[in-house]
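Okay, so here's the structure we're looking at.
Lettering follows sequence order; numbering is per chain, from 1. If you're wondering where the values come from, they're calculated on a predicted model, not measured in any experiment.
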Amino acid sequence: MKPSLVKGTRDFGPEQMRKRHFIFDTIRSTFRRFGFQPLETPSMENLTTLTGKYGDEGDQLLFKILNSGEFAATLTDADLQTAQQPGGSKKLIPQLAEKGLRYDLTVPFARYVVMNRNALALPFKRYQMQPVWRADRPQRGRYREFYQCDADVVGTDSLLCEAEIVLMIHEVFRNLGITDFTLKINNRKILAGIAEAIGVPGQEATLSVAIDKLDKIGQEKVLDELRERGFSDDALSQLEPLFASAPEGGILATLERLRQWLAASETAQAGLAELEQMLTLVQQYGLSGSALHVEIDPTLARGLSYYTGAIFEVKANNVSIGSVSGGGRYDNLTGAFGMPGLSGVGISFGVDRIYDVMDELNLFPEGAGQITRVLLVPFDEPARAVALPLLRTLREADVAAEMYPDLTKVKKMLDYANAKSIPFVVLIGSEEVQTGLLSLKNMITGEQQKLRAEDVLTTVSA
RNA sequence: GUGGUUGUAGCUCAGUCGGUUAGAGCGCCUGAUUGUGGUUCAGGAGGUCGCGGGUUCGAGCCCCGUCUUUCACCCCA
């Protein structure tokens, strides 16, 4: 049998894991600094928890888990006939599968909040870094198993939470070394307001799906699509300001222009006011000027299925990889689980795409992640007896150290050090055992010096 | 889910019109060097040409299926 991987999944070797840990560590430390607490939930959830939360397409992308035992025992002949009709298979799903793999981290979080509502101190801030699964067709930057790092806060409407998300995004990408990124912000209320302003109130979902593609397919094709979906020429002509190029003057000018265009819509004005307040908080915190990578994009739509206020999306510039982060405000996520009125806002970082971006732009720092700093190379049994106490001393001083396990040729052991990029090697042979002076070799410069064992530690930790 | 694309040594890739024993670079192993790596030199190992079927005297090359990769749509981290 020839071993192979499941489509859309990857192994992560040591080299990749060092880089991935760098990303995880960076994100985690930011979440912690902002006061978020860790949470983990099971890989699998009841399908009743997952279905209906992501729209019809989302349900298609859920990985279902076949029931254990005699999973087909309850099927009737009629069931089997139904299943053989085109598209009939999914009608049997409720009988065959009652569990599924998690599709994102937000819905399991909502379930957790509802189940623990009496124990949680609101507002509740949690972060979660776990894999999610989607039965999508894989592409570059799109996998069937990938990791998300989410931070959400529920139980408050405060715009400070939105502001903190903006701050966390900036901090994470700055600490990762991704300096060229754009944080696009919109507000669902602005989208609703646009629909109102052009005379198609309530149609913002259809509108959004189309205009979200603006930078991809262009203005004409967006208008074509909307026309096909029944938008009148009159309505479309009023959409004109949307396509105007961004005015000079940045964020404030964009806000002002939208305010004028959508003056007739109270909803839009509310959304614009939220946006402005949020940005004011960000500025008061001390993030402004060229350090601020925010762009207001009234065409940004994203997963409209549950966002109700602010919408965020981060794109790394000059790389052909989709968004590396996204999030927004949802007013009623826990409503589906019988707990209405609880508002939340969150952000999700896509580790795998961030990895792809950093790999392509060569942004991983040289020493990212822990690697062995010292290799002990004893030539014979007596040398081992000298090496072992030193091995312990190094490790107790938090210096990553290892001893070559076999007594073999020096060349082979030094090759090993090179292969693992170990910067220091301690050579111990009969001469070193007799004199007590060990040979410390710097593998980068090639220099070699004789040192007492206790001086090795200070030299390699410098 | 729809329509294209890709697959040859561990890696990156050549391989002519369908024609003898499928090649290169890098990497790997051995030795020059039994206590010193990266450089150099000499030698060596490594292939079900993704998999299965078909056409043909003959298939890495053509046809069908399948898996994988990747691109567009859809959607999204």
Side-chain angles (χ1 to χ4, degrees), chain A residues 1-10 13 23 27 54-62 86-87 89-90 102-106 129-150 169 208-210 212-213 216-217 221 225 300-305 307 312-316 320-327 346-357 375 377-380 383 404 407-433 438-448:
Chain A
M1 187 203 70
K2 191 174 166 186
S4 64
L5 288 172
V6 170
K7 186 206 266 282
T9 67
R10 288 97 18 97
I23 298 172
I27 295 173
Y54 311 106
D56 286 344
E57 277 120 2
D59 287 354
Q60 303 291 329
L61 297 179
L62 286 173
S89 298
K90 62 178 138 186
R102 83 165 90 75
Y103 178 91
D104 69 0
L105 301 178
T106 310
M129 311 202 300
Q130 291 188 277
V132 302
W133 294 268
R134 295 181 189 178
D136 217 343
R137 182 173 290 205
Q139 277 180 38
R140 175 175 169 75
R142 164 177 284 185
Y143 308 101
R144 286 182 147 182
E145 177 182 62
F146 60 97
Y147 279 72
Q148 291 190 329
C149 299
D150 279 28
I169 287 170
S208 302
V209 168
D212 193 38
K213 301 175 194 164
K216 217 171 188 177
I217 63 176
K221 289 190 173 170
E225 180 170 334
L300 176 66
R302 295 190 46 78
L304 282 164
S305 38
Y307 292 129
F312 305 102
E313 180 169 292
V314 181
K315 274 222 59 172
S320 58
I321 288 167
S323 59
V324 291
S325 185
I347 184 71
S348 180
F349 291 92
V351 172
D352 305 81
R353 285 188 177 175
I354 290 174
Y355 182 101
D356 290 342
V357 166
L375 177 71
V377 171
F379 298 161
D380 50 28
Y404 197 86
L407 300 174
T408 180
K409 287 180 194 143
V410 177
K411 173 176 162 54
K412 196 167 173 75
M413 298 195 271
L414 292 178
D415 280 342
Y416 176 83
N418 278 331
K420 283 187 79 172
S421 305
I422 298 172
F424 291 104
V425 170
V426 179
L427 300 153
I428 309 172
S430 55
E431 189 188 320
E432 283 81 359
V433 172
L438 310 183
S439 298
L440 177 68
K441 188 178 183 70
N442 182 320
M443 293 299 281
I444 298 158
T445 63
E447 291 170 49
Q448 195 165 323

Exercise. Are OP1 or OP2 of C74(B) and a side-chain N or O of K213(A) less than 4.0 angstrom apart?
Worked result: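 Yes, K213(A) has a side-chain N/O under 4.0 Å of OP1/OP2 on C74(B).
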
Exercise. U69(B) phosphate, OP1 or OP2: any side-chain N/O from Q139(A) under 4.0 angstrom?
Worked result: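 Checking Q139(A) against U69(B): no side-chain N or O falls below 4.0 Å of OP1 or OP2.
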
For this session: Would you say whether F349(A) stacks on A77(B)? The test is a distance between ring centres of less than 5.5 Å and an angle between planes of less than 30°.
Result: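 Base of A77(B): not stacked against F349(A).
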
Report yes if a donor N or O on one partner sits less than 3.5 Å from an acceptor N or O on the other, where the partners are the side chain of [X] and the base of [N]; otherwise report no.
X       : N      : result
E432(A) : G35(B) : yes
R353(A) : C76(B) : yes
R134(A) : C76(B) : no
R137(A) : U70(B) : no
K441(A) : U36(B) : yes

Exercise. Parallel, tilted or perpendicular for Y404(A) and Y416(A), by the 30°/60° rule?
Worked result: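 Because their plane-to-plane angle is over 60°, the rings of Y404(A) and Y416(A) count as perpendicular.
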
Exercise. Of all the nucleotides listed (U36(B), A77(B), U69(B)), which has the minimum atom distance to the side chain of S439(A)?
Worked result: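 Nearest to the side-chain atoms of S439(A), counting from C-beta on, is U36(B).
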
For this session: Give the nucleotide from the list G37(B), G31(B), A77(B) with an atom nearest to the side chain of M443(A).
Result: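 Per side-chain heavy atoms of M443(A), the pick is G37(B).
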
Counting Watson-Crick and G-U wobble pairs only, both distances under 3.5 Å, name the nucleotide matched with [N], or none.
N      : value
C26(B) : G10(B)
C41(B) : G31(B)
U20(B) : none

Exercise. For E447(A) and G350(A), take the nucleotide of RNA chain B holding the closest heavy atom to each; which residue's nucleotide lies nearer the 5' end?
Worked result: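 Result: E447(A).
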
